[in-house]
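Here's the structure, in structure tokens; my notes come after.
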Amino acid sequence: MRIVVCVKHVPDMQSERRFEGGRLVRGEDDVLNELDENAIEAAVQLKEAEEDAGREAEVVALTMGPEDAEDAVRRALQMGVDSGVVVSDDDLAGADVVTTARALAAAIGRIGGVGPGAGTGDVDLVVTGMASLDAMTSMLPGALAAALGVPALTLASSLEVSDAGDVLVTRAVGTLRESLAAPTPALVSGPAQANETRYPTI
């Protein structure tokens with residue numbers, strides 16, 4: 001199973017923020033988006049479960065941003081991800097959610113061994129955080145699933161893959177609990193604190 005986990009490098013919530021030319025200044029005291037740590041943990045736990053069942057699994061961290069966004073991928077590697085991809089292009093500066101989704105979808109296609117707009121290739125699962133703390137729109141998971149043409153299982157509080165290869169999640173909707181299933185490839189986003197993240201290693 002090949003899993004891509006999307007991560008983002010965002011301004012530190014504790015740092016002073018400022019705008020230049022109508023855009024948020026990045027690259028000063030930026031950190032891995034805190035909500036993405038849960039997505040990383042979910043992806044790594046799923047990989048470990050697949051390996052325990054005797055199946056091969058790989059987790060690739062993917063980010064889009066300025067050059068220093070690679071720090072988010074480094075943090076993901078410290079948390080157990082196998083490899084990372086950074087998409088960095090000045091033409092993507094200030095990209096809206098639709099443009100970001102299309103760029104990430106093209107990168108996922110390349111990771112999966114297919115051309116832009118051709119789906120996920122051999123990527124079985126895409127995992128994202130619920131939102132990024134710089135914008136908090138929570139729109140990217142749905143937009144990315146639409147760009148990839150795969151089912152979106154959002155706000156998942158648990159994640160597993162059945163022996164048949166289906167993605168199984170549970171989520172809370174008000175006072176109700178839902179159990180959802182979808183065939184792979186699929187996209188799953190999780191809420192904050194859906195799991196306890198491991199401490200990064202050197």
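Start at 1 with the first residue, then count along the sequence. Remember, it's a predicted structure, so these values are computed and weren't measured experimentally.
- D89 is linked by a side chain to side chain contact (heavy atoms under 4.5 Å, CB included) to D91, L92, counting only residues two or more places apart in sequence or in another chain.
- Under a hydrophobic-cluster definition in which Ile, Leu, Val, Met, Phe, Trp and Tyr are linked whenever side-chain heavy atoms come within less than 4.5 Å, directly or via other members, L168 and M1 are assigned to different clusters.
- With salt bridges taken as basic N to acidic carboxylate O contacts below 4.0 Å, one links R2 and D122.
- Here L104 contributes atom CG and K8 contributes atom NZ; the two are 9.5 Å apart, rounded to the nearest 0.5 Å.
- For the pair V126/V188, no side-chain contact is recorded, criterion being any heavy-atom separation below 4.5 Å from C-beta on.
- Rounding to the nearest 0.5 Å gives a distance of 9.5 Å between NE2 of H9 and CZ of R74.
- Here the options are V81, V127, V5, the test is side-chain contact (heavy atoms from CB on, under 4.5 Å), and the partner is V44; only V81 passes.
- Between the CG atom of L153 and the OG atom of S189 there is a distance of 8.5 Å, given to the nearest 0.5 Å.
- Counting only N and O atoms by type, the side chains of T170 and S179 include no donor and acceptor under 3.5 Å apart.
- For residues 162-175, every residue pair satisfying the salt bridge (charged side-chain N to carboxylate O under 4.0 Å, His left out) rule, not counting sequence neighbours, is listed here: R55-D163, R171-E178.
- One distance of note links CD of E70 with OG of S88; it measures 9.0 Å at 0.5 Å rounding.
- Under the salt bridge (charged side-chain N to carboxylate O under 4.0 Å, His left out) criterion, the residue pairs touching residues 77-87 are K47-D82, with sequence neighbours excluded.
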